[in-house]
*Asks:* 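Could you have a look at this structure, given as structure tokens, before my questions?
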Protein chains: 2
Amino acid sequence: MDLMADDSPPTRLRTMASWLMTQVAVGADRVVGERLATADTRRHHYRVLAALDESGPSSQAEVARNCGVHSSDVVAVVNDLVGKGLVDRSPDPADRRRNTITITAVGVGKLRELDALLADVQDELLAPLTTDERTELVRLLGLVLEHQGRS
Amino acid sequence: MDLMADDSPPTRLRTMASWLMTQVAVGADRVVGERLATADTRRHHYRVLAALDESGPSSQAEVARNCGVHSSDVVAVVNDLVGKGLVDRSPDPADRRRNTITITAVGVGKLRELDALLADVQDELLAPLTTDERTELVRLLGLVLEHQGRS
DNA sequence: TGACCAACGTTAGTTGCACCAACGATTGGA
DNA sequence: TCCAATCGTTGGTGCAACTAACGTTGGTCA
């Protein structure tokens with residue numbers, strides 16, 4: 001931790017939803033980033049692995065659409081993951097524009113490890129909330145996010 | 001809007017609080033950024049103006065602590081704001097290390113304008129929520145944020 | 001068949017924000 | 001008086017989101 005309001009932030013901000021969202025996200029991102037770093041991973045990597053695990057072998061463009069990472073960034077991520085043996089990249093015989101990305105057994109193992117890691121982080125982040133409050137927060141954020149998707 | 005999940009994001013992510021927070025924040029940041037840009041302003045500028053309005057004339061270090069902007073970034077922001085006539089910077093006679101930053105009348109006017117602008121944004125962001133849900137969301141985020149502050 | 005547009009992967013950027021390291025000047029306390 | 005801390009400032013870093021452009025390939029339709 002470094003800065004973090006010694007004094008009180010403007011009350012104006014304390015009640016402004018968009019400010020709360022970004023501040024909470026900054027804190028969450030920091031913790032997530034630190035924790036993933038202990039496993040030599042970044043957020044993008046986790047997202048791509050998760051998308052592949054849930055959707056099965058996909059083209060890079062599909063991965064990009066599924067996990068909200070730009071296709072131009074997927075390139076670098078897949079390069080990394082291939083280098084680590086967590087996914088395979090092979091040309092799609094049916095469409096030579098595409099690469100088929102497949103998560104490997106090692107990749108699945110890594111993903112499970114990261115899942116456990118991130119589960120811990122969730123618990124830390126939501127520590128001050130009851131179980132009901134946690135699910136309510138997730139629900140509300142889900143609604144807001146869904147609304148953002150259509151605009 | 002540019003990417004935004006045409007397909008469904010991994011369900012794993014859809015229920016992970018930290019992911020929801022950052023995704024919602026990304027969307028909120030984009031809208032806030034765009035809207036502030038129409039007033040030739042960025043988030044940092046608004047934060048500094050708000051802190052000055054609520055705490056009165058302050059040193060740059062105080063501003064930094066009050067609004068969660070790094071003091072090294074406050075320098076550039078204050079430079080901008082001085083250039084636009086929205087704040088004054090003058091050396092503190094009682095402590096020659098410090099500058100006293102004071103919001104000007106024009107600055108207050110600008111701040112009011114930005115307040116109105118951002119109020120609209122809040123409404124758009126929280127459109128899918130009832131009034132009760134909005135206050136509940138703010139409350140929950142506040143709790144999480146407060147918890148982050150002590151760590 | 002050929003022309004054309006769309007999709008794919010890739011490269012090489014830019015922008016915004018958080019954050020860090022180091023410095024000279026100044027201050028306050030031991 | 002010396003030392004540690006604070007302040008403003010400069011010049012960075014890292015990460016994520018995003019854009020522009022390009023060559024290749026595929027599907028469409030005149």
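Model, not experiment: these values are computed from the prediction. Order of the sequence lines sets the chain letters (A, B, ...), proteins ahead of strands, with each chain counted from 1.
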*Asks:* Looking across every strand, which nucleic acid part, if any, lies under 4.0 Å from A:D73 by heavy atom: base, sugar-phosphate, or nothing?
*Replies:* base
*Asks:* Measure from CZ on A:R98 to C1' on D:dG27 and round the result to the nearest Å.
*Replies:* 12 Å
*Asks:* Quick one, give me the B/S/- string for nucleotides 25-30 of chain C, reading 5' to 3', where B means a protein heavy atom under 4.0 Å from the base and S means that only happens at the primed atoms, P, OP1 or OP2.
*Replies:* -BS---
*Asks:* Anything under 3.5 Å between a protein N or O and an N or O of nucleotides 21-23 of chain C, put it in a table, one pair a line.
*Replies:*
none

*Asks:* Just to confirm, is there a sub-4.0 Å distance from OP1 or OP2 of D:dT9 to any side-chain nitrogen or oxygen of B:N79?
*Replies:* no
*Asks:* In whole Å, what is the span from the CD atom of A:Q60 to the C1' atom of C:dC8?
*Replies:* 9 Å
*Asks:* Which distance, rounded to the nearest 0.5 Å, do you find between the CG of B:L36 and the NE2 of B:H44?
*Replies:* 12.0 Å
*Asks:* Taking only residues two or more places apart in sequence or in another chain, which ones pass side chain to side chain donor-acceptor pair (under 3.5 Å) with A:D92?
*Replies:* none
*Asks:* Grab the CD-C1' distance between B:E62 and D:dG8 for me, whole Å please.
*Replies:* 13 Å
*Asks:* Carefully, step by step, assess B:R14 and A:E146 under the rule salt bridge (charged side-chain N to carboxylate O under 4.0 Å, His left out).
*Replies:* CA-CA 10 Å; B:R14 275 243 161 242; A:E146 192 184 353; over 6 Å; no
*Asks:* The side chain of B:R42 is closest to which nucleotide in this list: D:dG8, C:dT10, C:dC17?
*Replies:* C:dC17
*Asks:* Please report the distance, rounded to the nearest Å, between CG in A:D92 and P in C:dA7.
*Replies:* 17 Å
*Asks:* Nearest-Å distance, NE2 (B:H45) to C1' (C:dC17)?
*Replies:* 13 Å
*Asks:* Please give, in whole Å, the distance from D:dC15 P to A:D40 CG?
*Replies:* 11 Å
*Asks:* D:dT9 phosphate, OP1 or OP2: any side-chain N/O from B:R89 under 4.0 angstrom?
*Replies:* yes
*Asks:* Got a sec, which pairs hit salt bridge (Lys or Arg N to Asp or Glu O under 4.0 Å) with one end in residues 74-85 of chain B, sequence neighbours left out?
*Replies:* B:D40-B:K84, B:R42-B:D80
*Asks:* OP1 or OP2 of C:dC8 less than 4.0 angstrom from a side-chain nitrogen or oxygen of A:R65, does that happen here?
*Replies:* yes
*Asks:* Does A:R47 have a side-chain nitrogen or oxygen under 4.0 Å from the phosphate oxygens OP1 or OP2 of D:dA17?
*Replies:* yes
*Asks:* Nearest heavy atom decides the nucleotide; on that basis, is B:A61 or A:H44 closer to the 5' end of DNA chain D?
*Replies:* B:A61
*Asks:* Would a distance-only check, ignoring hydrogens and angles, find a side-chain to backbone donor-acceptor pair under 3.5 Å from B:S18 to B:M16?
*Replies:* no
*Asks:* Could you pull out all residues at least two apart from A:E133 that satisfy salt bridge (Lys or Arg N to Asp or Glu O under 4.0 Å)?
*Replies:* B:R139
*Asks:* Quick one: salt bridge (Lys or Arg N to Asp or Glu O under 4.0 Å) partners of A:D115, sequence neighbours excluded?
*Replies:* A:R112, B:R12
*Asks:* State which residues pass salt bridge (Lys or Arg N to Asp or Glu O under 4.0 Å) with B:R43; sequence neighbours excluded, sorted by chain then number.
*Replies:* B:D29
*Asks:* Find the distance A:R43:CZ to D:dA17:C1' and express it as a whole number of Å.
*Replies:* 10 Å
*Asks:* Could you pull out all residues at least two apart from B:A39 that satisfy side chain to side chain contact (heavy atoms under 4.5 Å, CB included)?
*Replies:* B:T41, B:K110, B:E113, B:L114
*Asks:* Can you list everything that forms a salt bridge (Lys or Arg N to Asp or Glu O under 4.0 Å) with B:D95? Sequence neighbours excluded, please.
*Replies:* B:R97, B:R98
*Asks:* Take atom NE2 of B:H70 and atom P of D:dT9, then tell me their distance rounded to the nearest Å.
*Replies:* 17 Å
